[in-house]
Amino acid sequence: MSEEDRRNDLRLPKSFRVEIKEFRFPLARQPRFEVLCADISAGGMKLECGQKFEPGTKLQVKIFIPSFNKYHPGFFKVFESDAGQFLQAIAEVVRLRDVIPFTRYELGVRFLDVDYDDWQALRNFISKSA
């Protein structure tokens with residue numbers, strides 16, 4: 001069974017800015033990396049990264065999605081700025097591929113812990129954008 005066959009969630013090819021850091025204590029001391037996602041689904045995303053994270057590594061991810069708040073259940077705000085609109089989650093690296101050895105990597109990450117309303121907003125965003 002190929003990886004695509006195992007995926008249940010629709011993947012949206014979008015390039016969002018993502019901040020990642022290894023989810024290891026003390027968390028505040030872990031270096032933060034700015035990367036881009038290549039695609040995203042309700043279950044995870046593919047990242048393009050200059051830092052190598054081995055499969056099994058837990059990451060804290062912060063995905064900046066313009067107008068994300070309007071996809072939240074019960075959203076009633078009329079005026080909203082794109083600043084500060086993000087989804088934060090704990091994810092696990094499930095796949096690592098060398099794009100350019102020792103320089104550029106492609107990471108497949110699976111979301112492990114996401115706020116339920118944020119997860120619903122992500123699903124709404126993906127279904128309306130697809």
Side-chain angles (χ1 to χ4, degrees):
M1 181 184 283
S2 76
E3 186 174 333
E4 280 75 25
D5 294 336
R6 287 193 308 260
R7 292 180 180 153
N8 297 323
D9 299 310
L10 174 66
R11 289 205 164 259
L12 184 65
K14 286 278 193 183
S15 182
F16 295 121
R17 183 172 67 92
V18 181
E19 289 179 1
I20 62 173
K21 65 166 98 174
E22 192 168 348
F23 189 67
R24 192 173 61 181
F25 294 98
L27 195 57
R29 289 213 178 132
Q30 301 309 315
R32 184 185 65 176
F33 302 94
E34 286 215 5
V35 301
L36 291 176
C37 77
D39 65 36
I40 190 165
S41 76
M45 63 185 160
K46 179 169 47 172
L47 298 174
E48 297 166 358
C49 185
Q51 180 69 25
K52 186 174 188 175
F53 292 99
E54 294 293 336
T57 303
K58 306 290 188 293
L59 302 173
Q60 180 184 55
V61 298
K62 193 175 196 179
I63 310 153
F64 296 89
I65 303 172
S67 304
F68 184 61
N69 289 349
K70 78 177 186 180
Y71 296 96
H72 269 181
F75 175 73
F76 290 112
K77 294 180 186 172
V78 176
F79 299 104
E80 190 72 30
S81 96
D82 282 345
Q85 295 198 38
F86 59 85
L87 176 143
Q88 189 162 299
I90 304 303
E92 178 181 19
V93 177
V94 293
R95 190 175 53 78
L96 169 69
R97 184 174 79 85
D98 285 4
V99 177
I100 302 171
F102 307 107
T103 307
R104 204 91 201 121
Y105 305 94
E106 187 178 271
L107 306 175
V109 300
R110 176 180 62 216
F111 299 137
L112 299 176
D113 187 16
V114 183
D115 174 76
Y116 184 75
D117 283 347
D118 283 349
W119 183 72
Q120 285 293 97
L122 180 60
R123 290 186 56 185
N124 291 338
F125 171 77
I126 290 169
S127 68
K128 287 183 173 60
S129 300

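Once rounded to the nearest 0.5 Å, the distance linking CD of Glu48 with CG of Leu107 reads 10.0 Å. Considering CG of Leu59 and CZ of Arg24, their distance stands at 11.0 Å, rounded to 0.5 Å. Within the model, atoms CG of Leu12 and CE of Met45 stand 13.0 Å from one another, a figure rounded to the nearest 0.5 Å. Note that CZ of Phe23 is 4.0 Å distant from CD1 of Ile90, once rounded to the nearest 0.5 Å. Interatomic distance, Leu122 CG to Asp117 CG, rounded to the nearest 0.5 Å: 12.5 Å. Distance check, rounded to the nearest 0.5 Å: CD1 of Ile40 to CZ of Phe125 gives 7.5 Å.
Cys37 has its side chain within reach of Leu47: a pair of non-hydrogen atoms, C-beta onward, lies under 4.5 Å apart. In this structure, the side chains of Lys46 and Arg95 come closer than 4.5 Å at one or more pairs of heavy atoms. For the pair Ile20/Phe53, a side-chain contact is recorded, criterion being any heavy-atom separation below 4.5 Å from C-beta on. Contact check for Phe16 versus Phe68: no side-chain heavy atoms found under the 4.5 Å cut-off.
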Check the pair Tyr105, Val93 against side chain to side chain contact (heavy atoms under 4.5 Å, CB included), reporting the backbone distance first and the verdict last. CA-CA 12 Å; Tyr105 305 94; Val93 177; over 6 Å; no

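By the 30° and 60° cut-offs, the orientation of the rings of Tyr116 relative to Trp119 is tilted.
Here the options are Arg123, Gln88, His72, the test is side chain to side chain donor-acceptor pair (under 3.5 Å), and the partner is Asp118; only His72 passes.
The residues Arg17 and Glu19 are annotated as salt-bridged, a charged nitrogen and a carboxylate oxygen being separated by less than 4.0 angstrom.
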